[in-house]
S.K.: 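Handing you this structure, nothing more for now.
By convention in this document, chain letters (A, B, ...) are assigned in the order of the sequence lines, proteins followed by strands, and residues within each chain are numbered from 1. Excluded from the calculations below are hydrogen atoms, water molecules and symmetry mates; all remaining heavy atoms, backbone and side chain alike, are included.
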Protein chains: 2
Amino acid sequence: MPAKTTESPVRLAAETWESLFRAQVAVMRKLQAAPAFKALALNEYDVLFTLSRCPSGWLRLNELNDNVLLSQSSLSRLVERLEKRGLVERTPAPEDGRGILIRLTDAGRDLQKQIGREHVRDIAALVGPALSAAEQQELLRLTEKLRAAVSVR
Amino acid sequence: MPAKTTESPVRLAAETWESLFRAQVAVMRKLQAAPAFKALALNEYDVLFTLSRCPSGWLRLNELNDNVLLSQSSLSRLVERLEKRGLVERTPAPEDGRGILIRLTDAGRDLQKQIGREHVRDIAALVGPALSAAEQQELLRLTEKLRAAVSVR
DNA sequence: CCGATTTAGATGCATTTGCATCTATCGACC
DNA sequence: GGTCGATAGATGCAAATGCATCTAAATCGG
């Protein structure tokens with residue numbers, strides 16, 4: 001019998017999460033140190049990135065908030081900063097008088113692409129040597145499954 | 001030929017990291033919302049937890065800093081806050097006049113245990129239903145491997 | 001042994017963050 | 001249609017954070 005199967009389910013879940021979290025901290029540390037993030041904090045980049053991936057180009061503030069680990073008020077001000085810097089645009093949502101829509105400006109799109117290129121290289125340089133392609137695919141699958149299960153609502 | 005193997009290595013690494021990061025955000029959101037973290041921010045709990053796991057009981061500030069995603073100065077002040085609340089103790093390091101050693105007080109240990117119990121339950125409630133035991137073990141293995149590879153310096 | 005460099009941690013200060021609250025709109029229900 | 005609770009986002013304010021810098025101690029090179 002493999003040793004680990006003697007663990008309790010609760011303990012296994014806790015250790016798994018702890019390990020995932022620490023790996024995230026270790027990788028993020030390195031990524032944040034990249035010169036690209038002198039110009040734009042990682043959270044700010046992340047908002048630009050999320051907008052760039054959105055098919056319609058427009059996202060609601062509260063949709064953005066699902067992706068980023070920030071409170072609603074902090075995100076509201078983050079977007080305000082991005083708008084002041086000319087990287088995003090805000091418009092009142094046409095179908096919902098309470099909401100706003102946000103999208104990249106051309107400048108925002110350019111900056112996202114520029115930082116993104118370097119960011120992707122940094123990621124590959126960290127993750128590539130650490131895990132085989134098959135392991136990466138498995139890690140991708142497991143984290144997608146975890147996210148999906150946790151995000152049900 | 002499986003579809004995913006047509007991806008470039010760089011793209012695979014980027015997608016893997018993105019997925020890991022989003023999963024972490026989704027889980028962390030839920031965990032942070034737990035009532036236990038009204039009393040103590042998650043970063044603060046994390047420091048208490050790390051100290052509780054340390055065999056000697058004492059840790060240097062810069063050792064703590066490897067575990068937490070905080071700048072050195074922020075961690076310094078976080079520990080200062082914990083000390084003010086009577087949860088940790090600081091002593092000058094005996095072997096290095098520049099350094100300090102930190103350990104839990106009894107109150108700190110008690111609070112860590114109390115929050116920890118609830119925290120572990122919350123983790124299990126989120127992760128347990130999302131992945132089978134075998135999947136959790138594999139996720140644990142992969143994230144440990146990733147962390148180890150990234151942390152070499 | 002001495003000066004130069006590096007390392008550990010603290011601190012001043014501006015920025016960012018979160019909590020609580022506020023306003024306005026939406027949706028449900030009668 | 002009018003009232004009531006829920007939801008989207010903004011804002012005042014106190015607390016936390018990061019950057020740059022500072023001090024002191026360790027380490028290195030001669």
S.K.: Could you work out, with ring-ring contact (aromatic ring centres under 6.0 Å, His included) as the rule, every residue matching A/Phe37, not counting sequence neighbours?
M.R.: A/Tyr45, A/His119
S.K.: Please state how far atom CD in A/Gln72 lies from atom P in D/dT7, giving the value in whole angstrom units.
M.R.: 14 Å
S.K.: Of all nucleotides in DNA chain C that come within under 4.0 Å of a heavy atom of chain A, which is furthest toward the 5' end and which toward the 3' end?
M.R.: C/dT16 to C/dC26
S.K.: Could you list by number each residue of residues 75-90 of chain B showing a heavy-atom separation from DNA chain D of less than 4.0 Å, or answer none if no residue does?
M.R.: B/Arg77, B/Arg81
S.K.: Going by an N to O cut-off under 4.0 Å, is there a salt bridge joining A/Arg121 and A/Glu118?
M.R.: no
S.K.: Please state whether the base of D/dC19 and the side chain of B/Ser71 form at least one donor-acceptor pair under 3.5 Å?
M.R.: no
S.K.: Applying side-chain contact (heavy atoms from CB on, under 4.5 Å), name anything that partners B/Val120, two or more places apart in sequence or on another chain.
M.R.: A/Val10, A/Ala14
S.K.: At under 4.0 Å, does any side-chain N or O of A/Asn62 touch on OP1 or OP2 of D/dT7?
M.R.: no
S.K.: Closest nucleotide of DNA chain C for A/Gly97 versus for A/Leu70: which of these residues is on the 5' side?
M.R.: A/Leu70
S.K.: Can you tell me how far apart CG (B/Leu142) and CG (A/Leu140) are? Round to the nearest 0.5 Å.
M.R.: 11.0 Å
S.K.: Do B/Met28 and B/Val25 come close enough that some side-chain heavy atom pair is under 4.5 Å?
M.R.: no
S.K.: So B/Leu20 and B/Leu146, do their side chains get closer than 4.5 Å, heavy atoms only?
M.R.: yes
S.K.: Under 4.0 Å between a Lys/Arg side-chain N and an Asp/Glu carboxylate O for A/Glu138 and A/Arg141?
M.R.: yes
S.K.: On DNA chain D, check which nucleotide each of A/Gly99 and A/Ser74 is closest to and give me the residue with the more 5' one.
M.R.: A/Gly99
S.K.: With side chain to side chain contact (heavy atoms under 4.5 Å, CB included) as the criterion, how do A/Ile102 and A/Leu51 come out once you've worked through the C-alpha distance, each side chain's angles and the decisive distance to 0.1 Å?
M.R.: CA-CA 8 Å; A/Ile102 302 150; A/Leu51 288 170; 3.9 Å; yes
S.K.: Considering only heavy atoms, which members of residues 35-55 of chain B lie under 4.0 Å from some atom of DNA chain D?
M.R.: B/Asn43
S.K.: Which residues pass the side-chain contact (heavy atoms from CB on, under 4.5 Å) test with B/Leu101, not counting sequence neighbours?
M.R.: B/Trp58, B/Arg60, B/Ala93, B/Pro94
